[in-house]
Amino acid sequence: MLVDLTSDQEFFRQTTAKFLESQVPIDAVRALRDDPAGFQPDFWRRGAELGWASLLVTEEFGGGTISGGPLVDLTLIAHEFGQHAAPGPLVPVNVVASALSAAGTHADVLESLMSGESIASWAVAERATSVALDGVRLTVSVEGDALVLNGEKRPVESAAQASHLLVTGRSDSGLTQVLVPTQTAGITISPMGSVDLTRRFGAVRFDNVRLPLQAVVGEVGGAGPQVERQLQIAVVAHNAEAVGAMQSAFDMTVAWAFDRYSFGRPLASYQEIKHRFADMLSWLQASHAINDAAAVAFDAGAAESADLVSAAKAYIGDHSTELLHDCVQMHGGIGVTFEHDVHLYLRRVTINRALYGTPPEHRQRLAARLVAGAGKDAA
């Protein structure tokens, strides 16, 4: 983070960092490679007690922020998750919690999410669906006093571990969101592969899934603005994770370059290496800055927040993987071994790059808004 932190924010950040260092050191992260969930329930419950799942929830429902800027506060945790390659469904749980809080419904589920007793995930992505959300094909039909869901969502993080899914679908009047218990009849969850050692994803099929009307989060057909808000939250939090991973990888690579000697000189003394470090540092600092700006704009309700969020995702998505590949290369042969830590951060930024819209999709999203804005000005 490049924003000035208050003493409370810094304490919050340090508490999270110390907890992650003690509970999920890098060796523990590696040990989770074959764990079905990718994290231990007790670890997540204890993290929730630190406030990981309540920052985007209003005080009315038992939540609250550290600084008055809820998304900025969440990025503090996400940054530490990236720096430690930490496990846990941080982003989807917070997205669902924010949606339930905003709608003022399903208080019992929201309480269980904040306590860490259960987790929930956002089921929004579909095969070949763009980040503009105009390609959502899962249908939500109203039949009397019931809702009927048909379609598929993929990838859904921690789908097999979640007690509920916040499903974004399309009804006759527009986007609709429904809170669906994962044990509901007609739901099939199939595991998907992932390059991240601790992230688990699933493809979720909905075949005539019937739910009462009370399962709606918000209004039938009126979820568009809230879905946009959730998308921005998810992107900024994932960006913060990616920047944290970039920072850790960069720091360890600089240390390696000064410790490793070639032809009697440290690697860091060679001009070409210096130039590459200069490029990497500029990418890293710019990534910090643009995502901080996006988080601050979102919390302030600024009109340009959507543009900043997309610009940040496009920039960080491209430069995070480029920086990490440079880090791997500069480590030489040891950098491509499983025993070295650098690949853990490469895995994290690679998966984050693909979620909630790729850099090209966000550039298209940004361009479409600029064109629309220019058209309004011309009119």
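Throughout, numbering of the chain's residues begins at 1 and tracks the sequence.
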Donor-acceptor contacts, no H, no angles, side chain residues 61-69, under 3.5 Å, sequence neighbours left out:
from	atom 1	to	atom 2	distance (Å)
T65	OG1	G68	N	2.7
S67	OG	Q9	NE2	3.1
S67	OG	G69	N	3.2
S67	OG	D73	OD1	2.9
S67	OG	D73	OD2	3.3

Residue pairs fulfilling ring pair (Phe, Tyr, Trp, His ring centres under 6.0 Å) with at least one residue in residues 216-249, sequence neighbours excluded: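 Pairs touching residues 216-249 that pass the test: H238-Y356.
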Sidechain-backbone polar pair: S112 side chain, E117 backbone, donor-acceptor under 3.5 Å: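 No, the answer is negative, given that no donor and acceptor are paired below the 3.5 Å cut-off.
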Sequence neighbours excluded - salt bridge (Lys or Arg N to Asp or Glu O under 4.0 Å) pairs with any residue from residues 243-253: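 Of all non-adjacent pairs touching residues 243-253, none passes salt bridge (Lys or Arg N to Asp or Glu O under 4.0 Å).
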Quick one: side-chain hydrogen bond (donor to acceptor under 3.5 Å, both in side chains) pairs with a partner in [range], sequence neighbours left out?
| range | result |
| --- | --- |
| residues 271-281 | R276-D326, R276-Q329 |
| residues 298-309 | Q232-S305, D307-R369 |
| residues 179-189 | none |
| residues 255-270 | R265-S269 |

Partners meeting salt bridge (charged side-chain N to carboxylate O under 4.0 Å, His left out) with D341 (sequence neighbours left out):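 Only R30 meet the salt bridge (charged side-chain N to carboxylate O under 4.0 Å, His left out) criterion with D341.
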Solution key, residues 201-216 side-chain donor-acceptor pairs under 3.5 Å, sequence neighbours excluded:
from	atom 1	to	atom 2	distance (Å)
R205	NE	D207	OD1	3.1
N208	OD1	N150	ND2	3.2
R210	NH1	E143	OE1	3.1

Ring pair (Phe, Tyr, Trp, His ring centres under 6.0 Å) partners for Y315, two or more places apart: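 In terms of ring pair (Phe, Tyr, Trp, His ring centres under 6.0 Å), with neighbours along the sequence ignored, Y315 is linked to H319.
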Partner residues of H325 under the ring pair (Phe, Tyr, Trp, His ring centres under 6.0 Å) criterion, sequence neighbours left out: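 Once residues adjacent in sequence are excluded, H325 has no partner under the ring pair (Phe, Tyr, Trp, His ring centres under 6.0 Å) criterion.
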Minimal non-hydrogen separation, [X] against [Y], with atom names:
| X | Y | value |
| --- | --- | --- |
| R200 | D35 | NH2-O, 2.8 Å |
| Q230 | A99 | OE1-CB, 3.1 Å |
| T253 | H331 | OG1-CE1, 3.2 Å |
| P87 | F39 | CB-CB, 3.9 Å |

Nearest-0.5 Å distance that lies between atom NZ in K153 and atom CD in E126: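 Going from the NZ atom of K153 to the CD atom of E126 covers 3.5 Å.
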Between side-chain atoms of residues 332-340 and protein atoms elsewhere (two or more places apart, or another chain), which donor-acceptor pairs fall under 3.5 Å?
from	atom 1	to	atom 2	distance (Å)
T337	OG1	I334	O	2.7
T337	OG1	H340	N	3.4
H340	ND1	V342	N	3.1

